[in-house]
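Chain A is the first sequence line, chain B the second, and so forth, proteins listed ahead of strands; every chain is numbered from 1.
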Protein chains: 2
Amino acid sequence: MTTDAGARAPKYYRVKEQLLELTRTLGPDAPIPAERSLAVALRTSRTTVRRALRELAGEGRLDRVHGKGTFVARPKVYGTLRLDSCAEDLRAQGVEPGARTLDVGRVAADEKLSGLLGVGVGEPVLRVERLLLADGEPLAVETTHRNPGAGHAAEGEVTVETTLATPCEATLLHTDVGQPMLLVTRHSRTADGEPVDWVRSVYRGARYRFVTTLLRATD
Amino acid sequence: MTTDAGARAPKYYRVKEQLLELTRTLGPDAPIPAERSLAVALRTSRTTVRRALRELAGEGRLDRVHGKGTFVARPKVYGTLRLDSCAEDLRAQGVEPGARTLDVGRVAADEKLSGLLGVGVGEPVLRVERLLLADGEPLAVETTHRNPGAGHAAEGEVTVETTLATPCEATLLHTDVGQPMLLVTRHSRTADGEPVDWVRSVYRGARYRFVTTLLRATD
DNA sequence: AAGTGGTCTAGACCACAAT
DNA sequence: TTGTGGTCTAGACCACTTT
């Protein structure tokens, strides 16, 4: 199912496969020809070339830099799903983790936060917004809302789904609007079941994958 | 970070927000106006409308049906990350699970499968390809390669990342080429560490989210 | 100034579904 | 046949980077 066997592929998809083959012959960070050159060379329109390039960037095979060019991307990094940070995971891959705090403050809980954190509507909630980095490159935007009176987190429910980059996220993450992202939300509680925090993280899908180990529940 | 505050939004993105607002006023399965009508009404080109519609479909807000029209989508379903099936999860959401076997057979292990399953190159490996359904709608394509001599799986390493639908996957899953998908791979072992199977599943990102519960490892 | 990627347009033509 | 979404084109113009 990884190939297009059995389905008629649109022209842009064949272009995409040709370009993917090109990236395999080149190393990471190698530049590939300009869009207008590719359109001529592949006897197609720039629009068609661009659709192929955009998808390859969305899959983490190419990096596109406005004004500079398009380059072969480095492989994805991964992180283990857990409650604490994933910094050690990155180091184990030879990638230097980092973080930049974008905003810290208190906000009044709206109805949604009130329900998630177990505080009254209008009560103050701690809000922290951070940019997570891998080798200095933006990896994710993480927004935490924390109940200021809660204890330490002992367990958490995590959801993972796809989303598309908003203009704001695209700017922060150095990617394009509409590129696929991994949206991870985590709702943590103390051992007593008291809500601690609610974290919403948007990871660049082209750069990140999650890993977790499962045990069979029933045997 | 869910809004476009702070970043200049392209025109198609404002169109997208207007259409999203429209879906909120309508119920699931309600039809929305045709692309050409929207282009006139919103004083833009059909291309711009289509980019907005495509992203909304990728986010699971709209369903587009070739020749029929565009409709408000139903909410995503979710599944728990675990080694056995997710059928009970779906039933708990009032969704009827199903599966259709696409292909069953034996293939000779290539180098990759040999390494993953611990069998010699050229040795036979069981291959099963299935289409997972939710309320009769395609939800995922699942390909399993199994070591025929292995015992029961006791643990598994799971990775979750984004990918884009290939023409073949798009056909099977009733979606469009290039739409964002959740790629889940699972490598299972017995309690003794013997490889059992390797499963590659492509879930429609617009229809599915994963849920898992974590415990803090160190306290 | 020149070259790159990013957005947007207006239109042609195709494929599919309903009438 | 008509209306829908799907693909593709050729070109204009903008934004960013480098020279």
- Query: Between B:S114 and B:A109, which heavy-atom pair has the shortest distance, and what is it?
  - Reply: N-CB, 4.1 Å
- Item | Nearest-angstrom distance from the residue atom CG of B:L19 to P of D:dG5 | 12 Å
Atom pairs, N/O to N/O, protein against nucleotides 10-14 of chain C, distance under 3.5 Å?
residue	atom	partner	partner atom	Å
C:dA10	N6	B:T47	OG1	3.3

- Message: Of the listed nucleotides (D:dT18, C:dA18, C:dG5), which one gets closest to any side-chain atom of B:K68?
- Response: C:dA18
- To the nearest angstrom, the CZ-P distance between A:R64 and D:dT17 comes to 15 Å
- Query: Taking only N and O in the side chain of B:T70, is any of them less than 4.0 Å away from OP1 or OP2 of D:dT4?
  - Reply: no
- Message: Can you work out whether A:Y12 or B:G69 has the more 5'-proximal nearest nucleotide on DNA chain D?
- Response: B:G69
- Rounded distance [0.5 Å steps], NZ in B:K11 versus CZ in B:R43: 10.0 Å
- Task: Could you pull out all residues at least two apart from B:D29 that satisfy side-chain contact (heavy atoms from CB on, under 4.5 Å)?
- Result: B:R74
- Message: So A:V177, base contact, sugar-phosphate only, or nothing? Heavy-atom distance under 4.0 Å.
- Response: nothing
- Exceeds 12 heavy-atom contacts within 6.0 angstrom, atom CZ of A:R46: yes
- Task: May I ask you to evaluate whether B:R50 reaches the phosphate of D:dG5, defined as a side-chain N or O under 4.0 Å from OP1 or OP2?
- Result: no
- Message: For a quick test of reading the model: is some side-chain N or O of A:K11 closer than 4.0 Å to OP1 or OP2 of D:dT9?
- Response: yes
- Query: After noting the C-alpha distance and the side-chain angles of A:I32 and A:L26, does the key distance pass the side-chain contact (heavy atoms from CB on, under 4.5 Å) rule?
  - Reply: CA-CA 9 Å; A:I32 71 167; A:L26 301 171; 4.1 Å; yes
- Length of the CZ-C1' vector between A:R54 and C:dC8, whole Å: 12 Å
- Message: So, taking the atom named OG1 in A:T163 and the one named CD in B:E59, what distance separates them when rounded to the nearest 0.5 Å?
- Response: 5.0 Å
- Could you give the CG-to-P distance, from A:L38 to C:dG3, as a whole number of Å? 16 Å
- Query: B:H174 NE2 to D:dG5 P: how many Å, rounded?
  - Reply: 18 Å
- When rounded to whole Å, the CD to P distance for the pair A:E35 and D:dT9 reads 14 Å
- Query: What is the distance from CD of A:Q179 to C1' of C:dG6, rounded to the nearest Å?
  - Reply: 12 Å
- Nearest-angstrom distance from the residue atom CG of B:D63 to P of D:dT4: 18 Å
- Item | Basic-acidic side-chain contact under 4.0 Å: A:R24, A:E21 | yes
